[in-house]
Amino acid sequence: MTALLEKSLIKSHPLSDIADKVVSGKRLSADDAIRLYQSDDLATLGALGEYARRAKAGPGRESYVYYIHNMHLNPTNFCAETCRFCSYANPDERSRAYRWSVDKVLTEAHRGAKLGISEIHMVGGLHPSCDLNYYEEVLRRVKTELPHIHMKALTAVEIDYLSRLSKLSFEETLIRLKEAGLDSMPGGGAEIFDDGVRARMKVKKTPASVWLEIHGLAHKVGLKTNATMLTGIGESPEHKVDHMLRLRQQQDLTGGFMCFIPLKCYYEGTDIKDEVTEPSESDLLKDVAISRVLLDNFPHIKAYWIQLGQELAQLALSFGADDLDGTIMEEKITHAAGAKTPLQMAKDQMERLIAEAGYQPVERDTVYNVVRVSSLTPAVVPPLAERSFAAVRP
Ligand code: V47
Ligand code: SF4
């Protein structure tokens, strides 16, 4: 299929003009992306994503798929906001709300360090007593006691909240946190940027323009960040394309995004299931492929195995994803909403998944430096176009 794309032999194909753009490195428009969403030709979408992934990877790295040995820490699951899709906001979850002391965060960080993690991904709800001083103390102590651990922490929503609590500007808040030890920021809290979808989901926090402004400022002060998009909350393909184009525009301006992560909503403990359409497996694969070709200035696309499950995450690698995220240790946000995937994955299992899918497993650090190329070599798998999509529900 890739050879077909390269030689542009599929002139009669309805997507051939878009394939030509992908092959010649031309930017796709919003209309192109909508047409890709309207197509049910998964094999061609996969081939486009795969082509763009290989082109972005660079010489000698075409088959690399990354993972990280990391740990998720959630210091609190109490949240002052009540986004309808989030189980943290439901009354049962609230009655079980916890808030860790700084010592407890450190105990957990040491537990991860003993297992050899290189990154802590730390995010939480918005808790009035988890303020700027609290996070500065957490970051300082982690950096003093475990200086080799990279702290990827605090979403733009949390930065917005902390800056309001401390009455500092976003930039001052980011600089204070960076000085305390913040190394980079995760991509959460973006949801879908469209105001109408956000209003229906009662997302009162951090509007799109502020989320983007905070990421731009983070890039300016030297922090790399990620970006997410949450699907299954009543969005249309047009909303998804608009979301990705706003990210692409921000990346053109400030350039600090490392990775895009399409997320899928789980509904347990929420009351939205009857109002929204749950994304099918082919919808999720389309998000991967289309984000890969539309976000031409994002180096990496993540297949978040916690939400996709292991098989679909493996398939997503053939649609343009080049990262499976990490070992994680204990995921709470999606599992609070009913995910049945494991809470963690061992490094060797992570490597096996990647190799079985036909790619070279590579352990990375947070900013995508190669830590170790696995001794496992990629299995020979049939090209995507010849593979059965029986497992993929339309
Ligand atoms: O922002 C909330 C989403 C996000 C639900 O940057 C839900 O490397 C599913 O951002 N079902 C947090 N999702 C997760 C996140 C993330 C994950 C992995 C890697 C990175 C990274 C970032 O989870 C939230 C929100 O969009 N979320 N509720 C739910 N019911
Ligand atoms: Fe709070 Fe984030 Fe959940 Fe919204 S999605 S209720 S801001 S934790």
Side-chain angles (χ1 to χ4, degrees), residues 66-68 70-72 74-91 93-94 97 119-127 130 150 152-161 183-193 197-198 201-207 211 215 218 223-233 235 243 247 256-273 276 278-279 284 298 300-308 313 321 323-328 331-341 364 366-368:
Y66 300 92
Y67 76 94
I68 186 163
N70 71 347
M71 161 185 233
H72 280 199
N74 307 110
T76 178
N77 67 345
F78 172 85
C79 191
E81 290 287 348
T82 51
C83 309
R84 289 181 61 206
F85 49 75
C86 179
S87 290
Y88 273 18
N90 90 33
E93 203 60 37
R94 282 200 158 189
E119 169 194 277
I120 290 178
H121 171 144
M122 180 178 73
V123 293
L126 309 177
H127 191 305
C130 293
H150 180 112
K152 181 179 83 174
L154 301 167
T155 64
V157 174
E158 291 170 279
I159 301 292
D160 183 9
Y161 185 67
D183 293 306
S184 68
M185 279 168 56
E191 324 311 1
I192 286 282
F193 287 146
V197 176
R198 294 171 90 86
M201 289 296 119
K202 297 210 166 29
V203 179
K204 291 181 239 97
K205 63 187 181 189
T206 322
W211 191 97
H215 278 262
L223 297 166
K224 296 276 186 200
T225 72
N226 291 338
T228 55
M229 174 178 80
L230 181 62
T231 65
I233 57 171
E235 74 290 343
H243 185 96
L247 288 173
F257 288 116
M258 300 179 282
C259 173
F260 175 73
I261 310 134
L263 299 173
K264 158 199 159 59
C265 194
Y266 280 70
Y267 303 121
E268 202 173 293
T270 76
D271 64 357
I272 64 171
K273 197 172 183 344
V276 299
E278 183 172 1
L284 299 172
F298 272 62
H300 304 285
I301 305 290
K302 192 177 282 189
Y304 189 37
W305 67 266
I306 283 277
Q307 296 192 341
L308 295 176
D323 185 10
L324 271 197
D325 198 72
T327 47
I328 292 182
E331 199 280 336
K332 288 207 176 85
I333 298 171
T334 316
H335 284 83
K340 300 290 180 266
T341 48
R364 63 166 172 90
T366 308
V367 295
Y368 290 85

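One-based numbering, in listed order, for ligands and for the atoms of each. The analysis underlying the following values was restricted to heavy atoms, covering all of them including side chains, and did not include hydrogens, waters or symmetry mates. What you are looking at is a predicted structure, and each value in this text was computed from that prediction instead of being measured. For reference, positions follow the sequence shown, starting with 1.
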When you measure from the side chain of [X] to the backbone N and O of [Y], does any donor-acceptor pair fall under 3.5 Å?
X: Tyr266; Y: Gln307; result: yes
X: Asp325; Y: Tyr67; result: no
X: His335; Y: Thr341; result: yes
X: Trp305; Y: Thr327; result: no
X: Glu278; Y: Lys273; result: no
X: His243; Y: Thr228; result: yes

Relative to [atom], which among [options] owns the nearest non-hydrogen atom?
atom: atom 15 (C) of ligand 1; options: Thr231, Ile333, Asp323, Leu263; result: Leu263
atom: atom 21 (C) of ligand 1; options: Asp325, Thr225, Ile261; result: Ile261
atom: atom 25 (C) of ligand 1; options: Met185, His300, Glu191; result: Glu191

Closest approach of any protein heavy atom to [atom], naming residue and atom:
atom: atom 10 (O) of ligand 1; value: Gly188 CA, 3.0 Å
atom: atom 6 (O) of ligand 1; value: Gly187 N, 2.8 Å
atom: atom 1 (O) of ligand 1; value: Gly189 N, 2.7 Å
atom: atom 11 (N) of ligand 1; value: Tyr266 N, 2.9 Å
atom: atom 5 (C) of ligand 1; value: Phe85 O, 3.9 Å
atom: atom 3 (Fe) of ligand 2; value: Cys86 SG, 2.4 Å
atom: atom 4 (Fe) of ligand 2; value: Cys83 SG, 2.3 Å
atom: atom 13 (N) of ligand 1; value: Gln307 NE2, 3.2 Å

Item to complete: Output the distance between atom NZ (Lys332) and atom OG (Ser87), rounded to the nearest 0.5 Å.
Response: 14.5 Å
Identify, by atom number and element, the atoms of ligand 1 in contact range of [X], meaning under 4.0 Å from any of its heavy atoms.
X: Lys302; answer: 8 (O), 19 (C), 21 (C)
X: Lys152; answer: 6 (O), 8 (O), 21 (C)
X: Asn226; answer: 6 (O), 8 (O), 21 (C)
X: Tyr304; answer: 17 (C), 18 (C)
X: Pro186; answer: 6 (O)

Discussion item. Under a plain distance cut-off of 3.5 Å, with no hydrogens placed, do Thr334 and Lys264 share a side-chain donor-acceptor pair?
Written reply: no
Worksheet, complete the sentence: Checking heavy atoms under 4.0 Å, the part of Ala337 that sits near ligand 1 is side chain
Practice prompt. Flag yes if more than 12 heavy atoms outside Lys224 fall under 6.0 Å of its NZ atom; otherwise flag no.
Written response: no
Worksheet entry | Name of the residue among Ile306, Val123, Ile328 meeting side chain to side chain contact (heavy atoms under 4.5 Å, CB included) with His72 | Ile328
Discussion item. In terms of relative ring orientation, are Tyr368 and Tyr66 parallel, tilted or perpendicular, with 30° and 60° separating the classes?
Written reply: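 Perpendicular: the ring planes of Tyr368 and Tyr66 meet at over 60°.
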Worksheet item: Where does the angle between the aromatic ring planes of Phe257 and Phe298 fall among parallel (under 30°), tilted (30 to 60°) and perpendicular (over 60°)?
Response: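 Phe257 vs Phe298 ring planes: parallel.
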Discussion item. Below the 3.5 angstrom mark, is there an N/O of His72, backbone or side chain, next to an N/O of ligand 1?
Written reply: no
Worksheet entry | Heavy-atom gap His121 to ligand 1 smaller than 4.0 Å |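 Yes, that is the case, since the closest heavy atom of the residue is under 4.0 Å from the ligand.
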Discussion item. With a heavy-atom distance limit of 4.0 Å, tell me whether Cys79 approaches ligand 2 through its side chain, its backbone, both, or neither.
Written reply: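 Near ligand 2, Cys79 shows its side chain, while the N, CA, C and O stay back.
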Worksheet item: Is it the side chain, the backbone, both or neither of Lys205 that has a heavy atom closer than 4.0 Å to ligand 2?
Response: side chain
Worksheet item: Do the side chains of Val367 and Asp183 get nearer than 4.5 Å, heavy atoms only?
Response: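 When only atoms from C-beta onward are counted, Val367 and Asp183 do not touch, as no gap falls below 4.5 Å.
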